[in-house]
Amino acid sequence: MRMTNLSDEPEEYVRAREELRQAEIELMRHRERVAEQRRRLPLGPVLDDYVFEEGPADLQDGDTPATTVRLSELFTGPGRDLVVYHFMFGKRQTTACPMCTMWIDGINGVARHIAQNVDFAIVAAADLPTLRVYARKRQWTNLRLLSAGSGTFKYDLGSEDAEGNQDSTVSVFTRDGEGAVRHFYSAHPRMADDIDQRGIDLMSPVWHVLDLTTRGRGEWFAGLDY
């Protein structure tokens with residue numbers, strides 16, 4: 001199958017491009033099998049009804065009054081799952097993670113599409129005013145922003161260690177037939193000793209676009225001031 005109508009493509013290129021196309025097809029099919037395997041996971045444990053701190057829905061309305069919201073209250077309706085992105089910001093992480101920032105920038109742009117199917121929230125260990133100041137800088141106007149600094153939510157879900165070091169993580173929660181909140185899935189960038197930073201790549205299109213090029217992604221964020 002030809003991917004273009006260009007003339008004079010070298011035979012070596014045409015052969016290599018077809019080999020790559022077949023590899024891409026197998027990768028897509030394997031990714032679909034993995035996604036189906038993920039959907040078949042049994043429910044995890046019933047969770048504590050963790051408490052978070054939240055400010056006004058409109059970022060421009062300041063940071064008060066601050067209210068508390070429980071994990072169970074983040075579900076906006078029956079039959080909906082909840083996705084939480086653990087923002088690497090707060091405690092020992094005194095500056096916001098640039099990769100997390102890039103991911104959240106993208107999620108903010110498509111938040112209304114995500115909301116058609118699932119509930120979504122950003123949770124950080126940073127105190128609420130600090131989190132909201134940074135969110136205003138990034139114009140994260142479409143996201144639910146929560147501080148979990150005073151609780152054990154991030155530690156229990158593996159995005160914080162005992163010393164307060166932070167990690168980026170994505171977690172999925174659901175409710176069982178009795179209404180209890182159950183853990184369903186969590187993923188971290190570090191999947192194995194030889195996979196240090198690519199465990200949640202599927203959340204961002206940026207790296208996939210860069211991977212199409214001759215140079216690949218490289219250290220795209222090195223030196224950026226977020």
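Values below: every heavy atom of this structure, side chains too, minus hydrogens, waters and symmetry copies. Keep in mind it's a predicted model, so treat the numbers as computed, not measured.
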| said: Treating T130 as the side-chain partner and A126 as the backbone partner, does any N or O pair qualify as donor plus acceptor under 3.5 Å? | reply: no

Are V51 and L47 connected into the same hydrophobic cluster when the rule is that any two of I, L, V, M, F, W, Y join if their side-chain heavy atoms are below 4.5 Å apart? no

Heavy atoms of H188 and L157 approach each other most closely as CE1-O, 3.9 Å

Interatomic distance, CG@L128 vs CG@L145, rounded to 0.5 Å, equals 8.5 Å

H113 NE2: over 12 foreign heavy atoms closer than 6.0 Å:
yes

N/O donor-acceptor pair under 3.5 Å between Q166 side chain and G164 backbone
yes

Can you find a pair of side-chain heavy atoms, one from H208 and one from L202, that are under 4.5 Å apart? yes

Review point. Are W140 and V69 linked, directly or through other ILVMFWY residues, by side chains that come within less than 4.5 angstrom of each other?
Key: no

Q: Determine yes or no for a side-chain-to-main-chain donor-acceptor pair under 3.5 angstrom, with R138 supplying the side chain and D105 the backbone.
A: no

query = Charged N to carboxylate O below 4.0 Å: is that the case for R33 and E26?
reply = yes

**OP:** State, yes or no, whether a side-chain contact exists between M99 and W207 at a heavy-atom distance under 4.5 Å.
**Re:** yes

One should read off an interatomic distance between K137 NZ and L59 CG, to the nearest 0.5 angstrom, of 14.5 Å

- Task: Please test F52 against F153 for ring pair (Phe, Tyr, Trp, His ring centres under 6.0 Å), starting from the C-alpha separation and ending with a verdict.
- Result: CA-CA 9 Å; F52 308 97; F153 174 79; 5.0 Å; yes

I'd like to know if the side chain of Q93 reaches the main chain of T95, judged simply by a donor and an acceptor atom lying under 3.5 Å from each other, with no hydrogens or angles considered. yes

task = Decide yes or no for L146 and I122: does some side-chain heavy atom of the first lie under 4.5 Å from some side-chain heavy atom of the second?
result = no

Rounded to the nearest 0.5 Å, the OG1 atom of T76 sits from the CG atom of D119 at a distance of 3.5 Å

| said: Can a donor-acceptor pair be found, under 3.5 Å and without considering hydrogens, that links the side chain of E73 to the backbone of R70? | reply: yes

**Message:** Would you say Y185 ends up clustered with Y85 if hydrophobic residues are merged whenever their side chains have heavy atoms under 4.5 Å apart, either directly or through other cluster members?
**Reply:** yes

* Asked: L143 and I200: same hydrophobic cluster, using ILVMFWY side-chain contacts below 4.5 Å?
  -> yes

- Query: Is there a donor-acceptor pair closer than 3.5 Å between any side-chain N or O of K154 and the backbone N or O of S159?
  - Reply: yes

TODO: In plain terms, say whether D81 and R182 are close enough for a salt bridge, that is, a side-chain N and a carboxylate O under 4.0 Å apart.
DONE: no

Exercise. Let me see the working for R136 and V133 under side chain to side chain contact (heavy atoms under 4.5 Å, CB included), right down to the final yes or no.
Key: CA-CA 5 Å; R136 278 191 283 271; V133 165; 3.9 Å; yes

Item to complete: Please indicate whether E24 has more than 12 foreign heavy atoms, meaning atoms of other residues, nucleotides or ligands, lying under 6.0 Å from its CD.
Response: yes

Between D127 and S147, do the side chains contain an N or O donor and an N or O acceptor separated by less than 3.5 Å?
-> no

ask   = Would a 4.5 Å heavy-atom cut-off, applied to side chains only, mark V181 and T174 as touching?
value = no

Is H86 close to S171 at the side-chain level, that is, under 4.5 Å between some pair of heavy atoms? yes

Q: For the residue pair V14 and E11, establish whether any side-chain heavy-atom pair is separated by less than 4.5 Å.
A: no

Counting N and O atoms only, with roles assigned by atom type, does the side chain of D48 sit under 3.5 Å from a partner on the main chain of Y50, one being a donor and the other an acceptor? no

With a 4.0 Å cut-off, would you call D161 and R92 a salt bridge?
no

dist F184:CZ -> L43:CG (nearest 0.5 Å) comes out at 7.0 Å

Sidechain-backbone polar pair: S204 side chain, V206 backbone, donor-acceptor under 3.5 Å
yes

>> Testing the 3.5 Å rule here: is there a donor-acceptor pair between the side chains of T152 and E160?
In response: no

d(L27 CG, Q22 CD) to nearest 0.5 Å is 13.0 Å

Taken to the nearest 0.5 Å, the spacing of T141 OG1 from D58 CG works out to 8.5 Å

Exercise for review: Check whether more than 12 heavy atoms from other residues, nucleotides or ligands sit under 6.0 Å from atom CD of E36, and answer yes or no.
Suggested key: yes

Quiz item: With a 4.5 Å limit on heavy-atom distance, are the side chains of E163 and K91 in contact?
Solution: no

Count I, L, V, M, F, W, Y as connected when their side-chain heavy atoms are under 4.5 Å apart, and connections chain through other members. Are Y155 and V84 then in the same cluster? no

Closest non-hydrogen contact found for G158 with T169 is O-OG1, 4.2 Å

Short question: side chain of N108, backbone of Q139 - any donor-acceptor pair under 3.5 Å? yes

Quiz item: cation-pi between R144 and F120, 6.0 Å / 45°
no

Minimal heavy-atom distance between P189 and S168, with the atoms involved, is CD-O, 2.8 Å

If you measure from the Lys or Arg side-chain nitrogens to the Asp or Glu carboxylate oxygens, is any gap between R29 and E32 under 4.0 Å? no

Q) Would you say R175 and L82 make side-chain contact, with heavy atoms under 4.5 Å? A) no

- Candidate pair N165 and M88, rule side chain to side chain contact (heavy atoms under 4.5 Å, CB included), full reasoning: CA-CA 9 Å; N165 296 298; M88 196 172 170; over 6 Å; no

Closest heavy-atom pair, V170 versus M203, reported as atoms and distance to 0.1 Å, is CB-SD, 3.8 Å

Item to check | Main-chain N/O of A111 paired with N142 side-chain donor or acceptor, under 3.5 Å | outcome: no

In terms of heavy-atom contacts, T101 and A96 come closest through OG1-CB, 4.1 Å

| query | Taking the inter-plane angle between the rings of F87 and Y134 on a 0 to 90° scale, is it parallel (under 30°), tilted (30 to 60°) or perpendicular (over 60°)? | reply | tilted

